[in-house]
Amino acid sequence: MTELRRRMTSLDASFLYLERPNALLHVAGLYTFDEPLDFEEFLADVERRLPLIPRYVQRVVTVPFNLGHPTWEQDERFDVRQHVHFHTIGPEADDRALGALCARLFAEPLDRSRPLWEMHFIEGYGEGCAVFAKTHHCMIDGASGVQLIDVLMDPTPNPRPAHDVALPLPSPAPSPFARTLEGLVSAAREQWDAGEKLWKSLSNPGTILSSGRTTIEAAAVAARNFLEGAPQTPFNGTLGIDRGLAWVPLSLNEFKAIRNRLGGTVNDVVLTVIAGCIRRYLRALAVELDVDELKVAVPVSVRSEREKGDLGNRVSLMVAPLPIAVDDPVERLRCVAAGMDLLKENDQSGQMHRLVGLTDLIPPALQLPLARLQPSQLPVNTVCTNVPGPRVMRYVLGKQVKTMVPVVPLGAGIGLAFAIMSYSDQLTIGITTDTDLADAWKVADALQGSYEELWKATGLERVARDRRIGT
């Protein structure tokens, strides 16, 4: 990891400001093993790696009256046992039982008086075990979360040797007066830097026209999405506090084969499967919508090469159409690919990134009250985030990680979200639901059916799958 920024950016802090009891904003990962691990050895292994991720021993410290964004300060009372917890489930427990336990854990808030992460060691899952890890979104995005996997897990069965790096000595957090003064200075500096950057861009007539046009276009797209809203579905509505969690492990090589045979990108294929999934799920509920498309938010990483070792958030997003009315899966893929190509051609993610950057011009003292004005329904129906995971197998204490399941939070009014992670030759789709609005495992069944329908349309013969992928 590179040197950590002490004060949060506007984007990082927004995940704290926007969080609500019924819309917690932490992300998670579920990691399963075919073989058992020893809890005490696991705990010790996590503890010895903490010097490599010093953010894991820092807590959030706010500035009085929110005159500056929060800072990360060393937790003087840090105890790894407050973050790594032990659970056990019966040997007869299947994926649904594991999903139910992890969904309950996911629905619990992180303690803001401590570093914002937890790991839950789950013993008794089949003949092996599982680990469910939660981290607040203000600390990581999808790409930086994968970097944490590379620190906490090994690329071979031989664990990395212990490092000589030591955690910094605990020091008391700054006093309220010092935090206020530092916050004011930091906010003034950020305002100055943002204003200077804006002034420099305005000093060049060509840049003025280009930047101004781009900003206006981005604002127009955002305004249009908010004004149009999203079609109403059974899984859009007021969120409760209970969550459902399911997942479908699939073959990454088959996704690539579908892409090669039918066109588009792997991400287009994923969105096509999800469009077909929602179509099947709504039909199973006997729900007929009078619209041809739903709206899906697709986060996009804008992390540069030099930022790859950084934690925090470097994301933008696109709002893409999901053609749920198209019956033919091949035509559905063509529609998805054409829609995504148009968004890329118009650089919607770049436009949204510039628009989000304008929040740096808003004083921190105003950002918190503005966040409280968030609408009860975001102008999208669902979220689909796709993160490239490790390309080779990962190991913990010499035991191979069988499956990696990504888990994303739900936003205002969005009771169904999808997270996709590739891992070695797998591509696993994690499904998060509000239990009052959607049934996670019924969605999983619909997703499996949608995938098989698209695979059949390729006319390709299926190679015998590894037992990790399933049938």
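Start at 1 with the first residue, then count along the sequence.
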Legend entry - Distance-only donor-acceptor check, side chains N236 and N381, under 3.5 Å: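 Yes, side-chain donor-acceptor contact under 3.5 Å.
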Legend entry - Donor-acceptor side-chain pairing of S10 and H69 below 3.5 angstrom: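 Side chains of S10 and H69: pair found under 3.5 Å.
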Which residues satisfy the ring pair (Phe, Tyr, Trp, His ring centres under 6.0 Å) test with [X], sequence neighbours excluded?
X: F33; value: none
X: H87; value: H120
X: W72; value: none

I'd like to check the salt bridge (Lys or Arg N to Asp or Glu O under 4.0 Å) partners of [X]; sequence neighbours left out, ordered by chain and number.
X: K134; value: E118
X: D292; value: none
X: R112; value: E19

Legend entry - Parallel, tilted or perpendicular: ring planes of F235 versus Y281, cut at 30 and 60 degrees: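 Aromatic pair F235/Y281 classed tilted.
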Inset, instruction - Check the angle between the aromatic planes of H136 and H26 and answer parallel, tilted or perpendicular using the 30° and 60° thresholds. - result: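 H136 and H26: perpendicular rings.
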Inset, instruction - Would you check, one step at a time, whether the test side-chain hydrogen bond (donor to acceptor under 3.5 Å, both in side chains) holds for N267 with N386? - result: CA-CA 7 Å; N267 195 54; N386 193 341; 3.1 Å; yes
Inset, instruction - Check the pair Y395 / N158 against side-chain hydrogen bond (donor to acceptor under 3.5 Å, both in side chains), numbers first and verdict last. - result: CA-CA 8 Å; Y395 300 82; N158 301 314; over 6 Å; no
Output yes when [X] and [Y] qualify as a salt bridge under the 4.0 Å nitrogen-oxygen rule, no when they do not.
X: E254; Y: R259; value: no
X: R394; Y: D154; value: no
X: D34; Y: K399; value: no
X: R334; Y: D341; value: no
X: E452; Y: K456; value: no

